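Since the structure is predicted, the reported quantities are computational estimates derived from the model, not experimental observations. Chain naming here is simple, since letters A, B, ... match the order of the sequence lines and numbering starts at 1 in each.
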2 protein chains.
Amino acid sequence: MSAFTFSHIHTRMPSTMPTPRRDLLLDTAEQLFYRGGFHATGIDLIQAESGVAKTTLYKHFPSKDALILAVLERSSLRVRQALEAQAQALAGTGVERILALFRDLRGMCEESDFNGCLFNNAAAEFMYSNPPIRALAAEHMQWMLEFLERLLAEEGFETEAALALLPMYEGLLTLGRVQDSHTAIKHCLGAITALLNR
Amino acid sequence: MSAFTFSHIHTRMPSTMPTPRRDLLLDTAEQLFYRGGFHATGIDLIQAESGVAKTTLYKHFPSKDALILAVLERSSLRVRQALEAQAQALAGTGVERILALFRDLRGMCEESDFNGCLFNNAAAEFMYSNPPIRALAAEHMQWMLEFLERLLAEEGFETEAALALLPMYEGLLTLGRVQDSHTAIKHCLGAITALLNR
DNA sequence: CAATAAAAAAACAGATCTGTACACCCCTTA
DNA sequence: TAAGGGGTGTACAGATCTGTTTTTTTATTG
């Protein structure tokens, strides 16, 4: 039936619904922005690397700023889902469950294109020049804080400890760029244990 | 005597010796790079803001990269001197001396043009595109680590605790951009106390 | 005052960046 | 087969950026 062909549905899809090309653009842009920075990464590179025509890129995202925002929004969503899933799967109880979360930072720091926390990098580049991007970074950090608070509450700790855990978490991501992450993580685990068992 | 006129000395000054204009350029560039980022801040803006002619700028620094490196080198030196002086003047003994260092982060986070840690910002923008800048950021972090180790040793703590303090310190600087720094610092002080008194 | 050297001012060259315009192609649908 | 919509590829416009060149001004020295 023509009323139910894919094409028909496709043309009636709202613009917010993901299309393969839109996702491909977001994937490519996220990877390039993360590795090379936002200002240093040009639209032409994203276009060439993704293989999608420039016209199509600007049909999905009216400007580079809009693309950056879309990348950050989707990345934030993905991080949230990943952390929720990770928290569900975390082995152990009590302190061990929180420690496991920090232990997993090591793998992230050792990935080949690791470059710290995307949201802090964005905040650094757009702190005073692009309020929406800065706000998005702030919202992401706020969510991280609340996530840690929930995790702490589940294990019977005072939720305020999240205010010490989050700087450690972000600090490890930041330092992981230029310092050995393994020993730093190890000693942070000790600090967390001391804090929560006090 | 002409042999000792200022001009004569000036012309024989090695290029590494600071001149008023060179310092003015470094001051302006540091402020603008810190606030607006490295790639986003153009040479023309530094030139206009400093009032020094572009010709003179390129006489002192052969390229933008060289200017960035010079800014980071001088800033690192200044931070080191400031922290050494601060450590000398720190009130209290034992844990209190370390806590005082972290307490001072609050003032930094509340400054009008605060934008985190200059060296982490530089590392984020140049991680894979400019090894010398990345290396300079790494060296600065290494010095910070050794500085904290010295401070801990002076107060009779195990120096390895610095590996937990440094992520916290840098994490607070990073989060200070988008989160209230006061409460985060307060809870980090508690974590440090728990760690060192364990 | 004349000579010289440095700095300022401004124009410019070449590259690059964002964003647009246009012609072409492919594929579906009528 | 004809029409039309979405994607491609390319060329281009305009702005901006780094770095250079050229000219003018300024200040110092003999």
Next on the checklist: Counting only side-chain nitrogens and oxygens, does A:R21 get under 4.0 Å of the OP1 or OP2 atom of D:dT8?
Outcome noted: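 True: A:R21 side-chain N/O within range (under 4.0 Å) of D:dT8 OP1/OP2.
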Find the distance [X]:[atom1] to [N]:[atom2] and express it as a whole number of Å.
X     : N      : atom1 : atom2 : value
A:L25 : D:dG7  : CG    : P     : 10 Å
A:I46 : C:dT16 : CD1   : C1'   : 15 Å
B:Q47 : C:dA10 : CD    : C1'   : 10 Å
A:F38 : C:dC17 : CZ    : P     : 17 Å
A:Y58 : D:dA13 : OH    : C1'   : 13 Å
B:H39 : C:dT18 : NE2   : P     : 12 Å
A:F61 : C:dT20 : CZ    : P     : 15 Å
A:D44 : C:dG19 : CG    : P     : 11 Å

Checklist entry - Relative to the 5' end of DNA chain D, which residue comes earlier, A:K54 or A:K59, by the nucleotide with the nearest heavy atom? => result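 Whichever sits nearer the 5' end wins; that is A:K59.
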Checklist entry - Any side-chain heavy atom of A:F33 within less than 4.5 Å of one from A:L67? => result yes
Checklist entry - How is B:T56 classified with respect to the nucleic acid when contacts are heavy atoms under 4.0 Å: base, sugar-phosphate, or nothing? => result sugar-phosphate
Item to check | Worked verdict on B:E146 versus B:Q142 for side-chain hydrogen bond (donor to acceptor under 3.5 Å, both in side chains) | outcome: CA-CA 6 Å; B:E146 289 163 9; B:Q142 183 62 32; 2.9 Å; yes
Next on the checklist: Set out, in order, the CA-CA distance, both residues' side-chain angles and the distance that settles side-chain hydrogen bond (donor to acceptor under 3.5 Å, both in side chains) for A:D113 and A:Q31, then state yes or no.
Outcome noted: CA-CA 9 Å; A:D113 280 349; A:Q31 181 185 321; 4.7 Å; no
Next on the checklist: By nearest atom, which of the nucleotides C:dA8, D:dT8, C:dT18 is closest to the A:I43 side chain?
Outcome noted: C:dT18
Checklist entry - Starting at the 5' end of DNA chain C, which residue's closest nucleotide do you reach first, A:T55 or A:T41? => result A:T41
Checklist entry - Would you call the rings of A:F38 and A:F126 parallel, tilted or perpendicular, where under 30° means parallel and over 60° means perpendicular? => result perpendicular
